[in-house]
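Have a look at the structure below, then the notes.
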Amino acid sequence: MDVKAIRGMSDILPGDVPKWRFVEETVRKVFGLYGFVELRTPVLERTELFLRGIGNETDVVEKQMYTFTDKSGSSLSLRPEATASVLRAVIEHGLLSEDPIRKIFSMGPMFRYERPQKGRYRQFHQINAERLGEGGPFSDAETLQMAYALASALGLKGLAMEVNSLGCETCREEFKKALQAYLSKQADRLCADCARRMATNPLRVLDCKVVSCKQAAEGAPVIEDYLCEECRDHYDQVLSYLKSFGVPYAKNPSLVRGLDYYTRTTFEITAKGLGSQNAIAGGGRYDNLVKVLGGPDAPGIGFAFGVERVILLLEERDAREEGCFVVAQGDERVKTAAVGLLSELRSAGIPAQAVPEKSFKAQMRRAGKSGYPFCAIIGQDELEKSLVTVKDLETSSQVQVPHTEAREKIRTLLKDRKGESR
């Protein structure tokens with residue numbers, strides 16, 4: 001039986017894990033500076049949550065969700081994005097009742113049935129940040145700054161941020177009418193999906209990746225010309241705050257997001273190295289979504305990073321682990337002493353491994369494959385003199401220390417090595 005991973009769903013092998021850990025640790029460090037706390041939700045939700053939250057006429061709902069009926073007859077879906085799930089958890093557990101302002105982030109797998117390609121998979125991972133309870137332009141600008149700060153902290157090159165405003169329901173309605181009037185003259189150039197959606201949600205045409213639809217939309221009206229006074233002031237203040245934060249940006253009047261819940265501020269971050277599909281993060285404001293999902297009338301803004309795309313751009317990370325491999329060369333007394341040192345190291349919080357029943361040569365081979373930078377050797381001579389030989393597996397240099405000092409010596413060497421790798 002030839003069992004392989006499902007198409008579009010990939011294993012993360014040990015050699016790749018250091019990159020993933022670097023991303024996760026950087027996320028927690030950067031987001032912590034802004035007061036965000038982590039929340040984790042199930043990967044499986046009721047389908048209705050995404051129908052209400054994302055919108056019936058989006059590609060995600062129409063074509064990409066993994067949906068099935070369980071044994072009780074309920075329609076369930078693997079989450080295609082995180083915002084709806086996070087807001088469901090916030091509403092269900094009354095988190096906004098405890099504190100009307102919430103800053104939450106999450107990390108984990110999402111699922112969409114689409115054609116797998118570089119950086120885009122059927123099981124993919126996202127970093128999400130959701131900021132709830134604040135509707136002013138400062139919260140928008142600071143959230144965008146945090147997204148840019150994360151991309152910078154990850155060491156990504158050629159970063160660029162594009163910003164737009166989608167207005168509110170009132171001014172967007174006028175824009176939709178103007179857009180529909182324009183697109184109706186371009187109907188023969190639109191794909192089947194856009195031709196159908198043009199009457200109900202013409203903004204989807206602006207987000208379409210089909211070349212003919214992009215060309216048809218080139219001369220379309222821009223929403224900035226239709227913003228009401230309040231939305232224009234909001235947008236101007238967001239841009240002013242971004243300048244104060246020192247965040248480089250460019251206005252893109254054609255930028256819309258692929259989900260229906262966005263209002264006002266929307267943005268996208270791109271990076272060099274991914275070709276034409278170079279977006280690594282995007283998001284925006286969604287002031288009505290919490291209420292739509294049954295919660296209080298609370299404004300919100302959020303964004304998501306595509307982890308796989310970020311991973312593709314990262315330089316190789318140091319795959320060596322912090323720790324020490326303990327090697328025994330001698331009789332049972334030597335093995336007993338080696339096992340004792342093994343326990344001492346672990347009790348001190350130092351990762352350690354050993355295979356004392358194998359030959360010395362086999363043990364050293366295992367030490368070299370362990371990923372640890374050091375090994376501690378106890379032989380007959382070391383046992384008689386109560387010494388431990390600590391060997392650097394990269395340089396082959398070694399030093400002998402009293403057995404009672406071995407633990408602290410190894411701890412110091414690991415600390416020094418960690419400092420050098422920064």
Side-chain angles (χ1 to χ4, degrees), residues 5 8-33 36 38 40 43 82 105-110 116 118-129 146-159 269 271-274 278 280-281 304-326 342 345-346 348-355 364-376 390-396 410-422:
M9 299 186 180
S10 303
D11 300 306
I12 302 172
L13 300 178
D16 298 321
V17 168
K19 286 186 177 183
W20 288 78
R21 288 179 59 177
F22 168 72
V23 171
E24 292 162 0
E25 290 165 5
T26 304
V27 168
R28 292 189 172 95
K29 181 178 179 180
V30 172
F31 287 3
L33 297 175
F36 278 68
E38 188 172 1
R40 304 182 187 188
V43 298
F105 76 92
S106 61
M107 295 185 283
M110 312 294 155
K118 185 178 180 181
R120 186 187 296 270
Y121 306 100
R122 291 177 177 175
Q123 176 177 308
F124 59 99
H125 297 74
Q126 282 188 345
I127 299 157
N128 287 79
M146 185 175 78
Y148 194 86
L150 175 59
S152 298
L154 290 169
L156 306 184
K157 308 299 182 184
L159 295 175
I269 298 176
K272 289 184 178 179
L274 290 173
N278 60 351
I280 57 167
F305 269 74
V307 180
E308 277 81 0
R309 291 191 178 190
V310 170
I311 295 293
L312 286 173
L313 295 171
L314 290 182
E315 297 177 357
E316 289 299 321
R317 308 304 302 178
D318 191 344
R320 293 177 300 172
E321 300 285 342
E322 288 187 27
C324 182
F325 201 95
V326 178
L342 187 70
L345 294 174
R346 289 172 177 165
I350 299 172
Q353 296 184 58
V355 283
M364 291 303 295
R365 279 200 301 267
R366 290 302 307 167
K369 292 180 180 180
S370 68
Y372 293 156
F374 302 104
C375 73
V390 181
K391 183 174 182 176
D392 187 317
L393 292 170
E394 185 173 307
T395 66
S396 295
I410 293 168
R411 189 199 302 277
T412 300
L413 289 171
L414 289 170
K415 185 178 180 180
D416 290 346
R417 174 189 167 276
K418 188 175 181 181
E420 290 173 1
S421 64
R422 287 178 178 171

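All figures in this text were calculated on a predicted structure; none of them were measured in a lab.
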Are [X] and [Y] packed together at the side-chain level, in the sense that at least one heavy-atom pair is separated by less than 4.5 angstrom?
{"X": "Ile311", "Y": "Asp16", "result": "no"}
{"X": "Pro373", "Y": "Leu393", "result": "no"}
{"X": "Gln126", "Y": "Val307", "result": "no"}
{"X": "Arg28", "Y": "Glu24", "result": "yes"}
{"X": "Arg122", "Y": "Phe124", "result": "no"}

Minimum heavy-atom distance between [X] and [Y], given as atom pair plus value:
{"X": "Ala352", "Y": "Arg346", "answer": "O-NH2, 2.8 Å"}
{"X": "Met110", "Y": "Gly108", "answer": "CE-O, 3.6 Å"}
{"X": "Arg309", "Y": "Ile280", "answer": "CB-CG2, 4.4 Å"}
{"X": "Ala153", "Y": "Phe22", "answer": "O-CZ, 4.1 Å"}
{"X": "Gly323", "Y": "Leu414", "answer": "N-CD2, 3.5 Å"}
{"X": "Ala271", "Y": "Leu313", "answer": "CB-CD1, 3.7 Å"}

Q | Residues in ring pair (Phe, Tyr, Trp, His ring centres under 6.0 Å) contact with Phe325, at least two apart in sequence or another chain | A | none
Spatial distance of atom [atom1] ([X]) from atom [atom2] ([Y]) [nearest 0.5 Å]:
{"X": "Phe31", "Y": "Glu38", "atom1": "CZ", "atom2": "CD", "value": "10.5 Å"}
{"X": "Ile127", "Y": "Leu154", "atom1": "CD1", "atom2": "CG", "value": "6.5 Å"}
{"X": "Gln353", "Y": "Lys369", "atom1": "CD", "atom2": "NZ", "value": "13.0 Å"}
{"X": "Phe305", "Y": "Met107", "atom1": "CZ", "atom2": "CE", "value": "12.5 Å"}
{"X": "Cys324", "Y": "Ile410", "atom1": "SG", "atom2": "CD1", "value": "4.0 Å"}

Polar side-chain atom of [X] near backbone of [Y] as donor-acceptor pair, under 3.5 Å:
{"X": "Arg366", "Y": "Ala354", "result": "no"}
{"X": "Glu322", "Y": "Tyr372", "result": "no"}
{"X": "Asp11", "Y": "Leu13", "result": "no"}

Q: Verify side-chain contact (heavy atoms from CB on, under 4.5 Å) between Ser10 and Gln123, making sure each step is shown before the conclusion.
A: CA-CA 8 Å; Ser10 303; Gln123 176 177 308; over 6 Å; no
Q.
Does the plane of the ring in His125 sit parallel, tilted or perpendicular to the ring in Trp20? Use 30° and 60° as the thresholds.
A. perpendicular
Q | Partner residues of Arg365 under the side chain to side chain donor-acceptor pair (under 3.5 Å) criterion, sequence neighbours left out | A | none
**Q.** CA sep, side-chain torsions, deciding dist, call: Val23, Leu314, side-chain contact (heavy atoms from CB on, under 4.5 Å)
**A.** CA-CA 9 Å; Val23 171; Leu314 290 182; 3.6 Å; yes
Q: Show the numbers, then the answer: is there a side-chain contact (heavy atoms from CB on, under 4.5 Å) between Lys391 and Phe374?
A: CA-CA 6 Å; Lys391 183 174 182 176; Phe374 302 104; over 6 Å; no
